[in-house]
Each structure stands twice: as structure tokens, then as C-alpha cells.
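Predicted, not measured: the structure shown is a model, and the values here were computed from it. One-based numbering, in listed order, for ligands and for the atoms of each.
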Amino acid sequence: MIIRKSEQEVERMARAGAVVADVLALLGERARPGVTTEELDALADEYIRSQGGKPTFKGYRGYPASICTSPNDMIVHGIPGPYALAEGDVLSVDVGVTLDGFVADSAYTFPVGEISPDAERLLDGCRSALAAGIEQCRAGNHVSDISHAIQAVTEEHGFSVVRSLVGHGVGRAMHEEPQIPNYGEPGRGAVLARGMTFAIEPMITAGGADVVVHDDGWSISTEDGSLSAHFEHTVAITEDEPRILTAARTAVRT
Ligand code: MF3
Ligand code: CO
């Protein structure tokens with residue numbers, strides 16, 4: 001069953017989403033050569049708590065950190081540690097915040113210093129795929145219209161969609177129904193209705209779609225070593241336009 005949220009509940013998710021957006025803005029400024037991923041994790045944790053929130057990921061099924069940091073060929077769920085960012089890296093950062101009983105979830109792949117034209121194209125392709133998926137978040141559409149749009153745009157750019165990882169409903173819990181694959185035929189699955197709230201999250205690669213899970217039991221990389229990107233927003237279905245609940249605010253207070 002897909003849990004629909006009242007207008008007041010969507011507003012509460014938007015407040016969690018604003019904190020998530022602030023964290024990503026803050027980390028985007030700090031993601032420079034020489035900075036370690038555990039330093040980024042500490043900054044995120046401190047900011048989230050300063051806003052009265054909790055880092056949703058910490059302790060989730062034993063996950064040890066407050067954010068996920070996944071460099072280069074790592075797709076998702078990288079555990080922050082001593083890895084120091086290098087010029088030319090791309091770093092995917094995933095942030096979840098629980099505030100006033102509701103969760104918001106968003107991810108962004110940051111360029112570290114100057115990145116290659118190929119890496120730039122991959123990030124643009126993934127951002128476009130996310131935008132196309134969000135565009136389908138309208139009452140009356142089907143869940144797989146989102147999936148199909150993401151796949152189409154990803155493949156138009158010449159990239160591959162990771163099939164073993166999916167977007168999801170989000171609300172009081174980080175993972176609610178439905179699962180939202182990033183590929184598939186349109187017109188399938190549940191019909192979207194006002195008050196549904198989804199985490200839309202294309203995870204794409206410059207090479208093949210196969211993945212490997214590391215020995216830490218969390219981090220997932222491309223099998224062929226190709227570069228990957230991950231952009232995610234939490235989105236509410238309204239009576240008209242899709243509403244992005246994790247959109248960046250103009251000013252960040254630290
Ligand atoms: N955004 C990710 C997801 O939807 C975050 C999970 S990381 C975890 O699965 F550590 F919390 F599992
Ligand atoms: Co998610």
C-alpha cells in the first residue's frame with residue numbers, strides 16, 4: 001500500500017527536505033581536494049543535529065555513518081572514512097534527515113576541482129534523467145512512467161541504468177512502497193495520486209550496469225570500474241506540478 005500524506009504531513013517532509021538540501025549545499029562547498037569523506041560526514045552530522053534533526057542513515061540496519069560518500073566508480077552506500085578527495089574525482093553524497101517524524105532523502109554527485117569532459121557529461125546525463133523522472137510525478141500517471149523516463153534519458157545520453165538499485169516511497173519511514181526502478185515499460189504499476197511522496201534516484205554508469213558489493217557489506221561499485229553518478233530528490237505528488245521537497249534554498253546558514 002502506498003501511504004498518502006496530508007498537506008500538513010507534506011509540509012513536515014518539506015522541513016526535513018530543507019535541512020537535507022542545506023547539508024548538500026554545505027558539502028558541495030567543502031568537497032575539495034584533500035578533504036576526507038569522514039570530515040564531510042562529521043560536518044553533515046553536526047549540521048543536521050543543529051537543526052533539530054537526526055541523520056536517518058545512522059544505525060539503519062547497522063549503517064555506521066550519517067551520510068553515504070561514494071567516489072568515482074562507487075555507485076552508492078560508500079561509508080565515509082580516511083579517503084581524501086583528489087582533483088578530478090566525482091563524489092556521490094547521499095543524505096537522509098528525520099525531522100518531526102518524517103524523512104527526506106536526496107543525493108548529489110559533486111565534481112572535485114576540474115573533472116574530465118566525460119565525467120561532466122555523465123553528471124549532466126544523470127541530472128537530466130532525474131529531471132525527466134520528476135516530470136512524470138503527476139496524479140494519474142503510473143509508477144513506471146517515472147522509470148521509463150529515467151531509462152530513456154539515461155540511454156539517450158549513452159549511459160547505463162543500474163537495475164539492482166531502485167527509488168522508493170518515503171515518509172515516516174525511509175523506505176515505503178512502491179519500489180521505483182530506473183528502467184521499464186511505461187504505464188505499469190500503481191496510479192499516482194496527491195499526497196504520495198517518492199525518492200526518485202537514478203543511479204547510472206558510463207559503462208555496464210553490473211555492480212559489485214564490497215567486503216564492508218555496504219559500498220556498491222560498478223563491476224567494470226566505469227564512473228557512476230547518483231542524483232536524488234524527494235518529491236510530492238500534488239494536484240498539479242510535482243513538488244520537490246529537497247530543493248536547494250538560496251541561503252545556507254552554517
Ligand atoms: N538513499 C539511500 C536509500 O534510499 C540511503 C540508504 S543508506 C543507508 O537506500 F545506510 F541508510 F542504508
Ligand atoms: Co533513497
Side-chain angles (χ1 to χ4, degrees), residues 2-3 5 13-14 16-17 19-24 27 37-38 40-42 44-45 48-49 53-71 74-81 83 91-99 102-110 126-127 129-131 133-134 136-137 143 146-147 150 154 161-183 196-204 211 213-221 228-237 242 244-247:
I2 300 178
I3 302 167
K5 286 78 181 176
M13 288 184 66
V19 177
V20 171
D22 285 351
V23 171
L24 285 170
L27 298 186
T37 54
E38 64 200 359
L40 298 178
D41 185 67
D45 187 270
I48 293 166
R49 293 180 197 281
K54 275 198 186 153
T56 311
F57 301 170
K58 196 161 215 166
Y60 176 84
R61 298 190 179 181
Y63 186 74
S66 296
I67 60 174
C68 301
T69 50
S70 308
M74 196 175 283
I75 307 164
V76 287
H77 301 169
I79 301 173
Y83 178 76
L91 180 72
S92 298
V93 179
D94 196 342
V95 178
V97 168
T98 307
L99 185 73
F102 284 87
V103 175
D105 185 9
S106 181
Y108 198 96
T109 302
F110 295 107
C126 195
R127 254 191 301 261
L130 173 58
I134 292 172
Q136 294 301 315
C137 290
V143 169
I146 301 168
S147 311
I150 289 171
T154 301
V161 156
V162 173
R163 290 169 183 249
S164 52
L165 296 161
V166 297
H168 51 93
V170 54
R172 288 185 186 273
M174 173 162 65
H175 293 136
E176 295 182 350
E177 287 182 41
Q179 293 200 356
I180 309 173
N182 292 308
Y183 66 94
M196 292 180 180
T197 44
F198 298 153
I200 310 294
E201 48 179 324
M203 290 153 275
I204 76 170
V211 308
V213 182
H214 293 252
D215 290 341
D216 62 20
W218 283 102
S219 18
I220 299 177
S221 293
S228 86
H230 177 208
F231 286 84
E232 174 181 29
H233 272 308
T234 295
V235 178
I237 313 296
I244 300 175
L245 302 178
T246 45

Does some side-chain heavy atom of Y108 sit less than 4.5 Å from a side-chain heavy atom of V93? no

Side chains of T98 and K54: donor-acceptor distance under 3.5 Å anywhere? no

May I ask you to list the atoms of ligand 1 that are less than 4.0 angstrom from any heavy atom of D105? 1 (N), 4 (O)

Test item: side-chain donor near acceptor, H168 and E176, under 3.5 Å: no

Less than 4.0 Å is my threshold; does some heavy atom of E201 fall inside it relative to ligand 1? yes

Taking non-hydrogen atoms only, is E232 closer than 4.0 angstrom to ligand 1 via side chain, backbone, both or neither? side chain

Worked verdict on I150 versus I200 for side chain to side chain contact (heavy atoms under 4.5 Å, CB included): CA-CA 9 Å; I150 289 171; I200 310 294; 3.7 Å; yes

Could you check atom 6 (C) of ligand 1 against the protein and tell me its nearest heavy-atom contact, residue, atom and distance included? H77 NE2, 3.7 Å

Check A107 against ligand 1 and report side chain, backbone, both or neither, counting heavy atoms closer than 4.0 Å. neither

Return yes or no for this condition: an N or O of H168 is under 3.5 Å from an N or O of ligand 1. yes

Within a distance under 4.0 Å of any heavy atom of D94, pick out the atoms of ligand 1 and give their elements. 1 (N), 2 (C), 5 (C)

Nitrogen or oxygen of W218 less than 3.5 angstrom from that of ligand 1: no

Using a distance-only test with no angle check, is there a side-chain donor-acceptor pair under 3.5 angstrom linking T109 and S92? yes

Taking distance alone, with no angle check, do Y63 and ligand 1 share an N/O pair under 3.5 Å? no

Ligand-side contact atoms (ligand 1) for residue partner C68, heavy atom cut-off under 4.0 Å: 7 (S)

Are I67 and L27 side-chain neighbours, meaning at least one heavy-atom pair lies under 4.5 Å? yes

Any N/O/S atom of H175 sitting less than 2.8 Å from the Co ion (ligand 2), backbone or side chain? no

Could you find the nearest protein heavy atom to atom 3 (C) of ligand 1 and give me its residue, atom name and distance? H175 NE2, 3.3 Å

Answer yes or no: are there more than 12 heavy-atom neighbours, outside K58 itself, under 6.0 Å from its atom NZ? yes

For the atoms OD2 of D105 and OE2 of E201, give the angle they form at the Co ion (ligand 2), rounded to 10 degrees. 160°

Contact atoms of ligand 1, heavy-atom distance to Y60 under 4.0 Å: 8 (C), 11 (F), 12 (F)

Pairwise side-chain contact, L91 with T69, heavy-atom cut-off 4.5 Å (strictly under): yes

If we ignore angles and hydrogens, is there a donor and acceptor under 3.5 Å between the side chains of T246 and H233? yes

Looking at E232, pick out the N, O or S atom nearest to the Co ion (ligand 2) and give its name. OE2

For residues H175 and Y60, establish whether the separation of their ring centroids is below 6.0 Å. yes

